[in-house]
Amino acid sequence: MNLSPVTKRRLKQFRANKRGYWSFWIFTTLLVFSLCAPLIANDKPLMVSYKNQTYYPVLFSYSETTFGGDFETETDYRDDFVKELIEVEGQGWMLWPLIPYSYDTINYNLKGPAPTAPDEENWLGTDDQGRDVTARMIYGFRLSVIFGLFLTIASSIIGITAGAFQGYFGGIRDLVMQRIMEIWSSMPSLYILIIFSAMFTPGFWTLFFILLLFSWMSLVDVVRAEFLRARNFDYVRAAHALGISDPVIMWRHVLPNAMVATITYMPFILTASITSLTALDYLGLGMPPGSPSLGELLKQGKDNLHAPWLVFCAFFSLATLLTLLTFIGEAVRDAFDPRKTAL
């Protein structure tokens, strides 16, 4: 693929920032790892061999009668009775994931009262409900990043559209929208978020739309300023003189210039989105109870000071995630800065 000289220069500057470059690859590796969470941490085997037939419980649901049991409900593969049916009577075997627990699996064979300290079975211990902390961290990381990416993309689309409209047309439309934004931004967003979270049933999409009400404003000023500056350039006036429509000029001629400043802000918007979700989960107003959440793990650490591994696991996972995103944001900012030149 042929890259333009400008793109090559930006990639070179991005790689020149070693801290951000390696943070990008570490973050990508962790994200891919978390996206494969059902194959890494699950209370269902990856593969089951029973009477010379192969089953894939991690992908499909099988009733207990499939393996010679009595019930039509889904098989509990951790049950000793089911293990005996498959491995002894069926002369088969089960291939388990690296971590034989899902985020909501309760370990009923603990050596003591929950939460229990890390051991050879639960590498990072269990929480106060007997659930494996390692599995909940992996699933919580995936949930936080996916939520943050969705919110960042949606916020960017709305913010860029609003800023482009204001900056390109200006006049009374710009004035009215600026006043509306000033009123909306002056509202106590945290209290409004808490009220909305208490009014509606918490869930992924509910929180997404609630946080989207305020997060879209972060890019409006940047895009508006770029459009205000670029709309008086000669090539924009020439496009007007040729009869090109305003939407085409905005999309093809002005927006590429505005995107340079916009892209540098996106990693920081992603960081803010993840922090907002974590804060709501910590307050108990975020995801539904039982969902894998780094904020919920922090709350458990506060409520169980005698189990410091809960706080340490939540803190280090969240700190690592936010630090990587901050370093990536700095590298992206350097890559799009025309004043910087990679050596």
A.B. asks: Between Ile26 and Ser23, does the side chain to side chain contact (heavy atoms under 4.5 Å, CB included) criterion hold? Intermediate values first, please.
C.D. replies: CA-CA 5 Å; Ile26 294 173; Ser23 296; 5.6 Å; no

A.B. asks: Does the side chain of Thr75 come within less than 4.5 Å of Thr66's, by heavy atoms?
C.D. replies: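 No, side chains not in contact.
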
A.B. asks: Check the pair Ser155 / Leu212 against side chain to side chain contact (heavy atoms under 4.5 Å, CB included), numbers first and verdict last.
C.D. replies: CA-CA 6 Å; Ser155 301; Leu212 185 60; 3.5 Å; yes

A.B. asks: Quick one: does Ser61's side chain have a donor or acceptor within less than 3.5 Å of a partner on Pro57's backbone?
C.D. replies: no

A.B. asks: Side chains of Tyr168 and Glu226: donor-acceptor distance under 3.5 Å anywhere?
C.D. replies: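 There is no such pair between these side chains.
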
A.B. asks: Is there a side chain to side chain donor-acceptor pair (under 3.5 Å) between Ser49 and Thr54 once you walk through the steps?
C.D. replies: CA-CA 5 Å; Ser49 176; Thr54 304; 5.2 Å; no

A.B. asks: Does atom CZ of Phe233 have more than 12 heavy-atom neighbours from other groups under 6.0 Å away?
C.D. replies: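 Check passes, neighbour count above 12.
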
A.B. asks: Just by distance, no angles: are the side chains of Ser63 and Thr65 close enough, under 3.5 Å, to form a donor-acceptor pair?
C.D. replies: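 Ser63 vs Thr65: donor-acceptor pair found between side chains.
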
A.B. asks: Between Leu39 and Trp93, is there a shared hydrophobic cluster once you connect ILVMFWY residues whose side-chain heavy atoms come closer than 4.5 Å?
C.D. replies: yes

A.B. asks: Between Gly20 and Ala331, what is the shortest heavy-atom contact and its length?
C.D. replies: CA-CB, 3.7 Å

A.B. asks: Give a yes or no on whether the backbone of Gly69 and the side-chain of Glu64 come within a donor-acceptor separation of less than 3.5 Å.
C.D. replies: no

A.B. asks: Between Arg179 and Glu182, is any pair of side-chain heavy atoms under 4.5 Å apart?
C.D. replies: yes

A.B. asks: If you measure from CG on Asp79 to CG on Leu85, what distance do you get to the nearest 0.5 Å?
C.D. replies: 8.5 Å

A.B. asks: Could Glu120 and Lys111 be called an ion pair, given the rule that one side-chain N must be under 4.0 Å from one carboxylate O?
C.D. replies: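 Salt bridge present between Glu120 and Lys111.
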
A.B. asks: Specify whether Phe208 and Trp205 have parallel, tilted or perpendicular ring planes, treating 30° as the upper limit for parallel and 60° as the lower limit for perpendicular.
C.D. replies: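 Because their plane-to-plane angle is over 60°, the rings of Phe208 and Trp205 count as perpendicular.
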
A.B. asks: Taking the six-membered ring for Trp, are Phe204 and Phe147 closer than 6.0 Å centroid to centroid?
C.D. replies: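 Yes, ring centres under 6.0 Å apart.
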
A.B. asks: Okay, side chain of Asp127, backbone of Arg131: is any donor-acceptor separation there less than 3.5 Å?
C.D. replies: yes

A.B. asks: With a 3.5 Å distance limit and no angle check, can you tell me whether Asn42 reaches the backbone of Lys44 through a side-chain donor-acceptor pair?
C.D. replies: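 Yes: the side chain of Asn42 pairs with the backbone of Lys44.
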
A.B. asks: Quick check: is Ile146 connected to Tyr103 through a chain of hydrophobic side chains (ILVMFWY, heavy atoms under 4.5 Å apart)?
C.D. replies: no

A.B. asks: Just verifying a value: how many Å separate Leu294 CG and Leu318 CG, rounded to the nearest 0.5 Å?
C.D. replies: 6.0 Å

A.B. asks: When you compare the side chain of Pro38 with that of Arg142, does any pair of heavy atoms fall below 4.5 Å?
C.D. replies: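 When only atoms from C-beta onward are counted, Pro38 and Arg142 do touch, with a gap below 4.5 Å.
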
A.B. asks: Are Leu325 and Ile153 co-members of a hydrophobic cluster defined by side-chain heavy atoms under 4.5 Å apart?
C.D. replies: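 Shared cluster, no.
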
A.B. asks: Would you check if the side chain of Ser218 reaches a backbone N or O of Ser215 as a donor-acceptor pair within less than 3.5 Å?
C.D. replies: yes

A.B. asks: Determine whether the side chains of Asn107 and Asp132 contain a donor N or O and an acceptor N or O closer than 3.5 Å.
C.D. replies: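 Side-chain D/A pair, Asn107 to Asp132: absent.
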
A.B. asks: Please answer whether the main-chain N or O of Gly112 pairs with a side-chain N or O of Thr116 as donor and acceptor at a distance below 3.5 Å.
C.D. replies: no

A.B. asks: Give, for atom OG1 of Thr152 and atom CG of Leu219, the distance between the pair rounded to the nearest 0.5 Å.
C.D. replies: 9.0 Å

A.B. asks: Given the rule that I, L, V, M, F, W and Y join up when any side-chain heavy atoms are under 4.5 Å apart, are Phe141 and Leu149 in one cluster?
C.D. replies: yes

A.B. asks: Could you report the tightest heavy-atom contact between Thr126 and Pro115, atom names first, then the distance?
C.D. replies: O-CB, 3.1 Å

A.B. asks: Do any N or O atoms from the side chain of Tyr282 and from the backbone of Leu297 form a donor-acceptor pair under 3.5 angstrom?
C.D. replies: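 Not a single qualifying donor-acceptor pair exists.
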
A.B. asks: Without swapping roles, check the side chain of Arg224 against the backbone of Asp174 for a donor-acceptor pair under 3.5 Å.
C.D. replies: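 The answer is no, because no donor-acceptor pair under 3.5 Å joins these two groups.
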
A.B. asks: With a 6.0 Å cut-off (strictly less than), is the heavy-atom count around OH of Tyr235, excluding the residue itself, greater than 12?
C.D. replies: yes

A.B. asks: Work out which heavy atom in Ala41 is nearest to a heavy atom in Ala135; give both atom names and the distance.
C.D. replies: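 Closest heavy-atom pair between Ala41 and Ala135: CB-CB, 3.9 Å.
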
A.B. asks: Count the heavy atoms of every other residue, nucleotide or ligand shown that sit under 6.0 Å from OH of Tyr77, and state whether that count exceeds 12.
C.D. replies: yes

A.B. asks: So how far is it from Phe316 CZ to Thr320 OG1, rounded to the nearest 0.5 Å?
C.D. replies: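 If I round to the nearest 0.5 Å, the distance is 8.0 Å.
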
A.B. asks: Drop me the distance from Tyr101's OH to Trp96's CH2, to the nearest 0.5 angstrom.
C.D. replies: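 Tyr101 atom OH to Trp96 atom CH2 measures 9.5 Å (nearest 0.5 Å).
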
A.B. asks: Sub-3.5 Å donor-acceptor pair from the side chain of Ser186 to the main-chain atoms of Ile183, do we have one?
C.D. replies: yes

A.B. asks: Can you see which heavy atom on Leu228 is nearest to which on Gly167, and at what distance?
C.D. replies: CD2-O, 3.4 Å

A.B. asks: Do Phe33 and Ile138 come close enough that some side-chain heavy atom pair is under 4.5 Å?
C.D. replies: yes

A.B. asks: If you count the non-hydrogen atoms of other residues, nucleotides and ligands that lie under 6.0 Å from CH2 in Trp22, is the total more than 12?
C.D. replies: no

A.B. asks: Looking at Tyr55, Tyr50, Phe71, which one forms a ring pair (Phe, Tyr, Trp, His ring centres under 6.0 Å) with Tyr62?
C.D. replies: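 Of the listed residues Tyr55, Tyr50, Phe71, the ring pair (Phe, Tyr, Trp, His ring centres under 6.0 Å) partner of Tyr62 is Tyr55.
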
A.B. asks: Assess the pair Phe27 and Phe327: is the distance between their ring centroids shorter than 6.0 Å?
C.D. replies: no

A.B. asks: So, Arg136 and Asp104, do they make that salt bridge, N to O below 4.0 Å?
C.D. replies: no

A.B. asks: Under the side chain to side chain contact (heavy atoms under 4.5 Å, CB included) rule, what do Met177 and Val220 come out as? Steps first, then yes or no, please.
C.D. replies: CA-CA 10 Å; Met177 289 194 65; Val220 173; over 6 Å; no

A.B. asks: Mind listing the closest non-hydrogen atom pair of Ala230 and Val236 along with its distance?
C.D. replies: O-CG2, 3.2 Å

A.B. asks: Report the C-alpha distance between Leu30 and Leu324 in whole Å, list the side-chain angles of each, state the deciding distance to 0.1 Å, and finish with yes or no for side chain to side chain contact (heavy atoms under 4.5 Å, CB included).
C.D. replies: CA-CA 11 Å; Leu30 293 175; Leu324 291 176; 3.9 Å; yes

A.B. asks: Side-chain contact, heavy-atom cut-off 4.5 Å: Met181 with Met217?
C.D. replies: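 Contact flag for Met181/Met217 side chains = yes.
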
A.B. asks: Does any non-hydrogen side-chain atom of Phe14 lie less than 4.5 Å from one of Tyr21?
C.D. replies: yes

A.B. asks: Are any non-hydrogen side-chain atoms of Phe24 and Ile328 less than 4.5 angstrom apart?
C.D. replies: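 Side-chain contact under 4.5 Å: yes.
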
A.B. asks: Over 60° means perpendicular and under 30° means parallel, so classify the ring planes of Trp184 and Phe214, tilted if in between.
C.D. replies: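 Answer is parallel, since the angle falls under 30°.
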
A.B. asks: Say whether Gln300 and Glu296, considering side chains only, have a donor N or O and an acceptor N or O under 3.5 Å apart.
C.D. replies: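 Checked: Gln300/Glu296 side chains pair up, N/O donor to acceptor below 3.5 Å.
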
A.B. asks: What closest approach, in Å, do Trp123 and Thr134 show between heavy atoms, and which atom pair accounts for it?
C.D. replies: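 Here Trp123 and Thr134 meet closest at CB-OG1, 3.8 Å.
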
A.B. asks: Return yes if some donor-acceptor pair links the side-chain N/O of Ser291 with the main-chain N/O of Met287 below 3.5 Å, else return no.
C.D. replies: no

A.B. asks: Is there a continuous path of hydrophobic side-chain contacts, each under 4.5 Å between heavy atoms, that joins Leu124 to Leu321?
C.D. replies: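 No, it is not one cluster - the side chains of Leu124 and Leu321 are not joined through contacts under 4.5 Å.
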
A.B. asks: About how many Å separate CG of Asn122 and CG of Leu110, when rounded to the nearest 0.5 Å?
C.D. replies: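 CG of Asn122 is found 6.5 Å from CG of Leu110.
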
A.B. asks: So do Phe227 and Gln166 actually touch side chain to side chain, heavy atoms under 4.5 Å?
C.D. replies: no

A.B. asks: Using a strict 4.0 Å threshold on nitrogen-to-oxygen distance, state whether Asp303 and Lys299 make a salt bridge.
C.D. replies: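 Answer for the salt bridge query: yes.
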
